[in-house]
Participant: 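The following block contains the structure, expressed as structure tokens.
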Protein chains: 2
Amino acid sequence: MPVRRRKKTGKSDRPVTSFISTYENKVDRKGRVSVPAAYRSALGTETYQGVIAYPSLIDGAIEAFGRGMLDELNRRKLDQTLDGGDYTQALVGRSDDGLVETIMAISSELPFDGEGRIILPARLTEHAGITDRATFVGRGTRFQIWAPEVYEKHQLAEVEALRARLSGGGIQ
Amino acid sequence: MPVRRRKKTGKSDRPVTSFISTYENKVDRKGRVSVPAAYRSALGTETYQGVIAYPSLIDGAIEAFGRGMLDELNRRKLDQTLDGGDYTQALVGRSDDGLVETIMAISSELPFDGEGRIILPARLTEHAGITDRATFVGRGTRFQIWAPEVYEKHQLAEVEALRARLSGGGIQ
DNA sequence: TGGAATATCATGGGTAATTATGGGAGTCAA
DNA sequence: TTGACTCCCATAATTACCCATGATATTCCA
């Protein structure tokens, strides 16, 4: 009887929380949006009830993930610098690509209310062009929040590019 | 959770590891379809009881597979990007041409109910032209769901093309 | 070995729980 | 007071969960 066992890389042993599928929800007059229940349950094991969000550096969208992901980033980054003997980096917090630090700086913590909604800060909705509706897009380890019209166009292009690369047989 | 019991026929004593054969099942008024028992048992070892599905980029059909495949895809990608210190990819998602990311966005997680059925989202049935009946087609590591009439034609064309190819260059 | 008891499967339906959404009351600070 | 925010409650629609049935298959045993 074959038993499925986790590989022994020493990496995180818990399953990668994954955000799948897309959902379109309303933004009410108070600026609240329901985070899709499926996403909330993907975050379920985390102590902090809410999400981390920041304006995408590439798309006109909001990037978001759980606190666990942020911790994981920090941990791996720390491991890497210690392994490399670069203690200055670990202690002072300066690195060549300040990306992680930068992300930290521009991120917001968005806690859930009792009904699983978050309030999108104006800074983020303005970046994404979101007004009264928002499209949640699962990206596996993280998710994005788009203005529905903007995402629709983006998604069409994305799928078309993918389709062009495939030569029969579907995706393995 | 549905209890799964090994058959005692001695015919196939080890769990089936892939999806084979085709089945045609009804879609009821609530949009539910039974996933063929043989397929469910092929998914039996996975912790998550259900399937992942997305509209085929090539055929007018639904592509489906187990959760395990998706997790593996995700994990490999995350480890790969973080191990290399490439936080850019992890944070803004510019990796492998966006294949994993796009699949995540267009996929749906379809959990089994107590009877082994799934609910097909409108997005997927519309893409495949499915109304009240669905044909499950095993493709080894994954399977497809078709509208029966559509699949029939597709299958005929597929076999005919294969036959033509084989007869042209000798048999087998 | 023939047939009754037992499982499994696909299918259907009823009902409780959840979800997304809306709004009001209370709090705190400026 | 006026906002901005949190906490609590209400509701319609959807979904999850439970049980029931007929049709096949499978097992058991007299």
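First the proteins, then the strands, lettered A, B, ... as listed; each starts at 1.
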Participant: Just how far, in rounded Å, is P of D/dC17 from CZ of B/F112?
Facilitator: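 Taking CZ of B/F112 and P of D/dC17, I get 14 Å after rounding.
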Participant: Report yes if a donor N or O on one partner sits less than 3.5 Å from an acceptor N or O on the other, where the partners are the side chain of B/K30 and the base of C/dG14; otherwise report no.
Facilitator: yes
Participant: Map B/V33 and A/N25 onto DNA chain C by nearest heavy atom, then report which one ends up closer to the 5' terminus.
Facilitator: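 The residue mapped nearer the 5' terminus is B/V33.
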Participant: For A/R40 and A/S34, what are the C-alpha separation, side-chain angles and deciding distance, and is it a side chain to side chain donor-acceptor pair (under 3.5 Å)?
Facilitator: CA-CA 10 Å; A/R40 298 204 302 270; A/S34 284; 5.3 Å; no
Participant: Ignoring the backbone of B/R40, work out which of C/dA20, C/dC9, C/dG22 is nearest its side chain.
Facilitator: C/dC9
Participant: By nearest atom, which of the nucleotides D/dA16, C/dG13, C/dA20 is closest to the B/P111 side chain?
Facilitator: D/dA16
Participant: Please work out if A/D113 contacts a base, only the sugar-phosphate, or nothing of the nucleic acid, heavy-atom cut-off 4.0 Å.
Facilitator: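 No contact.
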Participant: According to a strict under-4.0 Å criterion, is B/R117 in side-chain N/O contact with OP1 or OP2 of C/dA10?
Facilitator: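 The answer is no; no side-chain N or O of B/R117 sits under 4.0 Å from OP1 or OP2.
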Participant: Would you say the side chain of A/L43 lies within less than 4.5 Å of the side chain of A/F19, judging by non-hydrogen atoms?
Facilitator: yes
Participant: Considering only side-chain heavy atoms of B/K26, which listed nucleotide, D/dT6, D/dA16, C/dT11, is closest?
Facilitator: C/dT11
Participant: For A/D132 and C/dT21, what is the distance between atoms CG and P respectively, to the nearest whole Å?
Facilitator: 11 Å
Participant: D/dT14 P sits how many Å from B/R29 CZ, rounded?
Facilitator: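 Nearest whole value for this atom pair: 15 Å.
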Participant: Calculate the interatomic distance between B/R133 atom CZ and C/dT11 atom C1'; express it in whole Å.
Facilitator: 14 Å
Participant: From CD of A/E24 over to C1' of C/dT19, roughly how many Å is that when rounded to an integer?
Facilitator: 16 Å
Participant: Answer yes or no: side-chain N or O of A/E115 and base N or O of D/dC9 forming a donor-acceptor pair under 3.5 Å.
Facilitator: yes
Participant: Over all heavy atoms of both residues, which pair between B/I62 and B/A53 is shortest? Give the atoms and the distance, please.
Facilitator: CG2-CB, 3.7 Å
Participant: Give a yes or no on whether a salt bridge exists between A/E63 and A/R139, defined as a side-chain N under 4.0 angstrom from a carboxylate O.
Facilitator: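 Looking at A/E63 and A/R139, the cut-off is not met.
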Participant: Taking the ring centre of each residue, are B/Y23 and B/F136 less than 6.0 Å apart?
Facilitator: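 No.
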Participant: Give the rounded distance in Å between these two atoms: OH of A/Y23 and P of D/dA13.
Facilitator: 21 Å
Participant: Has B/R32 got a side-chain N or O lying under 4.0 Å from the OP1 or OP2 atom of D/dC17?
Facilitator: no
Participant: Between atom CD1 in B/I119 and atom P in C/dG12, what is the gap in whole Å?
Facilitator: 14 Å
Participant: Tell me: CD1 of B/I118 to C1' of C/dT11, nearest whole Å?
Facilitator: 15 Å
